[in-house]
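All residue numbers in this chain count up from 1 along the given sequence. Source: prediction; values computed, not measured.
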Amino acid sequence: MTSPRAELVADTALALLAAAGMRGLTHRAVDRAAGLPAGSTSNLARTRAALLELALRRLTEVERRRFAGSAAPLGADLRGPGRAVLTDALTALVDAQLREHRASVLARYELALEATRRPELRAIYDELGRGFRGVAADLMRRAGSPDPGRHGPRLVAFVEGLLFDAVAGAGPEPGTADLRAAVADYLDGVLPRHTSRHTSRHDTEPDTEPGTGRDARPPAGRAAGLGGRQNG
């Protein structure tokens, strides 16, 4: 954004998109809602396409800053115990999008659909997606992902799915605990496990035969399953 008035017009346009959809967004409606003199919006964005582009660029700027801000305080190493920190941060991000920034989410869905019909908006919307995917790839790298270039975009897709289902889905809106469980399940399923030591066969097999007290471990030099038949 180049000026406070441009930000005001763009923010007002986004609010109108969230409240009234694409049909509710006109230059006059923005002037009225923003308390500006008639014609102010037209002076900044002469056409409807220009107004949509102004709104989407503003949304790109704001949402990218929110996402990057959520990731910035996290430690450099998000593996092992650090995964809980990542889980909490992602949960807080999704929760805030649903509770505090819901209007932005709704406006983005309106613009995303419109972008499928307007190539000039598509380019800006794709720019927004690249910004998210870059931050997500870095998070997954710090969390131990063996392929952050693949897991970063998938994390964005997962978060988008949570948001869309909560905002536009048919089911009940998830609470914070539900969101955290979903995020934890996703990360645990995608990222490698981290343990304090390797588990060996002797960690899981009993030292004695059940009910006998006899040593259940094979004698030295006889590997289990490899010694073949014993003579005797």
Quiz item: Excluding sequence neighbours, so at least two apart, what forms side-chain contact (heavy atoms from CB on, under 4.5 Å) with D138?
Solution: R141, R142

Practice problem: Report yes or no: do D31 and T41 form a side-chain donor-acceptor pair below 3.5 Å? | Solution: yes

Self-check item: Test ring-ring contact (aromatic ring centres under 6.0 Å, His included) applied to Y125 - qualifying residues, sequence neighbours left out
Solution: none

Quiz item: Would R102 and E173 pass as an ion pair if we require N to O under 4.0 Å?
Solution: yes

Quiz item: By side-chain contact (heavy atoms from CB on, under 4.5 Å), which residues pair with R117, not counting sequence neighbours?
Solution: L113, E114

Quiz item: Please walk me through it: do R130 and D126 pass salt bridge (charged side-chain N to carboxylate O under 4.0 Å, His left out)?
Solution: CA-CA 6 Å; R130 282 192 296 272; D126 288 347; 5.2 Å; no

Quiz item: Do NZ/NE/NH1/NH2 and the carboxylate oxygens of D95 and R180 come within less than 4.0 Å?
Solution: no

Quiz item: Should E61 and R65 count as an ion pair when the cut-off is N to O under 4.0 Å?
Solution: yes

Quiz prompt | Distance, nearest 0.5 Å, that separates CG of L162 from OG1 of T91 | solution = 9.0 Å

Quiz item: How about R48: does its CZ atom have over 12 heavy atoms from other parts shown lying under 6.0 Å from it?
Solution: yes

Quiz prompt | Contacts of R66 that satisfy salt bridge (charged side-chain N to carboxylate O under 4.0 Å, His left out) - sequence neighbours left out | solution = none

Quiz item: Which residue pairs pass the ring-ring contact (aromatic ring centres under 6.0 Å, His included) test with at least one member in residues 7-60, sequence neighbours excluded?
Solution: none

Quiz item: Nearest 0.5 Å, what's the CZ-CG distance between R58 and D11?
Solution: 4.0 Å

Exercise. Evaluate the salt bridge (charged side-chain N to carboxylate O under 4.0 Å, His left out) criterion for residues D188 and R193: first the C-alpha distance (whole Å), next the side-chain angles of each, then the deciding distance (0.1 Å), finally the verdict.
Key: CA-CA 7 Å; D188 288 345; R193 291 186 177 184; over 6 Å; no

Quiz item: With respect to V183, which candidate in T87, D88, L93 satisfies the side chain to side chain contact (heavy atoms under 4.5 Å, CB included) definition?
Solution: T87

Under 3.5 Å, which donor-acceptor pairs link side chains of residues 148-159 to any protein atom two or more places apart or in another chain?
residue, atom, partner, partner atom, Å
R150, NE, D147, OD2, 3.0
H151, ND1, S145, OG, 2.6

